[in-house]
2 protein chains.
Amino acid sequence: MKSAKDILRRYLKSNGLLYSRQREQVLDIFLKTEKHSTINDLYELVRKKNTKIGLATVYRSMKVICDAGLARETDFGDGARRYEHKYKHQHHHHLVCIKCGRIVEIASPRLEQIQRQLAKKHDFTVSRDTMKMFGICRACKRKSK
Amino acid sequence: MKSAKDILRRYLKSNGLLYSRQREQVLDIFLKTEKHSTINDLYELVRKKNTKIGLATVYRSMKVICDAGLARETDFGDGARRYEHKYKHQHHHHLVCIKCGRIVEIASPRLEQIQRQLAKKHDFTVSRDTMKMFGICRACKRKSK
DNA sequence: CGAACAATTGACCATAATTATCAATCTCAT
DNA sequence: ATGAGATTGATAATTATGGTCAATTGTTCG
């Protein structure tokens, strides 16, 4: 089983790109995060290891890490791009609480099946998909009673 | 059957807001658009009728029109908020071609049913949801052969 | 109708996320 | 170790969007 670093290394090499210290640092930090970090989140974390790193480098590194298939961009409509793990994580969708911001990840084979059928019906070759439901979670419903 | 203007009027009145000339103009233009316009698209269209209107007014008007339930924000991840019709239009999802930008609207009761089940399972009260699949449409697949 | 009052507007500024620029520096195959 | 080419960090530029405020407008009520 290849490690995430191996995958990044291989991706970079096969595209004529370099395995820089900064890219490795960003990947290390990203792998340690649990969920849905913004570029700024990652930037601040990486700066604890490397105070000299620039914000643009974090943007650029996450782009490469996505291209390598290790991360996935998600957008919760809050004006900031977020990243989640893609390697060794099953495809999933999101329930987002608009009160407390809690995000629940959900996987549903039946949903995926319907998605495949819909894509086939319209002859689309799908490379990326996203489904989100925004609403109020159980805890917030209790609180507001 | 109430017209979109009646709905806006009623919404405004019941919220202590005013029915201004600009809001009506923005609504008129929005109703004439077919699909997924950005604020800037609408701004340029409204300016043909009212060269004095400000961009901020279009932002503010579309916000109110959304709140009144006549429009829905969509996000295709291209860095610009887009608006689509909500009144007298059934809920739907999107297939987006990443080559030519074509957007196909799809409705699926089975998908909606699964969404309801997933929300219920996690005790979420869903107020808004979105599902998108990005890929290559039939026409673009043919072209690239 | 017309005055009064609160909401809205338009112009402009503020902010925030993201990207472009470019000289200095680093990576890696040889 | 070296050189060609990729990357970086600092900063400026860009873009979408929201805030401010004095001037204007819409609505209500007498």
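The chains referred to below are lettered A, B, ... by the order of the sequence lines, with proteins before strands, and numbering in each begins at 1. Here the structure is a predicted model, which means the values were calculated and not measured.
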Is the distance between the ring centroids of B/H36 and B/Y83 under 6.0 Å?
-> no
Using a 4.0 Å cut-off on protein heavy atoms (strictly under), produce a 5'-to-3' string for nucleotides 25-30 of chain D with B for base contact, S for backbone-only sugar-phosphate contact, and - for none.
-> -SSS--
Pair B/D129-B/H91, side-chain donor/acceptor within less than 3.5 Å | yes
Aromatic rings B/F30 and B/H85: how do their planes relate, parallel, tilted or perpendicular, breaks at 30° and 60°?
-> tilted
A/K63 with A/D67: basic N within carboxylate O range, under 4.0 Å = yes
How about A/R47 and A/Y43: does a side-chain donor come under 3.5 Å of a side-chain acceptor?
-> yes
Indicate whether any N or O donor in one side chain lies under 3.5 Å from an N or O acceptor in the other, for A/R60 and A/Q22.
-> no
How close or far is atom C1' of C/dT9 from atom CD of B/E24, stated in whole angstroms?
-> 16 Å
Do NZ/NE/NH1/NH2 and the carboxylate oxygens of B/E24 and B/K5 come within less than 4.0 Å?
-> yes
B/K52 atom NZ is separated from C/dA11 atom P, nearest whole Å, by 8 Å
When you check the gap from the basic side-chain N to the acidic O, do A/K132 and A/D75 get nearer than 4.0 Å?
-> no
Flag for B/E84-B/H94: side-chain donor and acceptor within less than 3.5 Å = yes
For atom CZ of B/R47 and atom P of C/dG10, their distance in whole Å | 11 Å
Would you mind reading off the distance between A/K63 atom NZ and D/dT8 atom P, rounded to a whole angstrom?
-> 14 Å
Protein heavy-atom contacts under 4.0 Å, written 5' to 3' over nucleotides 11-24 of chain D as B (base), S (sugar-phosphate only) or - (none), form the string -----SBSBB----
Grab the CG-C1' distance between A/N15 and D/dT7 for me, whole Å please.
-> 15 Å
So, do A/V64 and A/L12 sit near enough that their side-chain heavy atoms are less than 4.5 Å apart?
-> yes
Rounded to the nearest Å, what distance is computed from the CD1 atom of residue B/I53 to the C1' atom of nucleotide C/dA11?
-> 13 Å
Do A/S61 side-chain atoms and A/T57 backbone N/O form a donor-acceptor pair below 3.5 Å?
-> yes
Separation of atom CG in A/L8 from atom P in D/dA6, rounded to whole Å = 17 Å
Work out how much the helix from C/dC1-D/dG30 to C/dT30-D/dA1 bends between its end axes, five pairs an end, to the nearest 10 degrees.
-> 40°
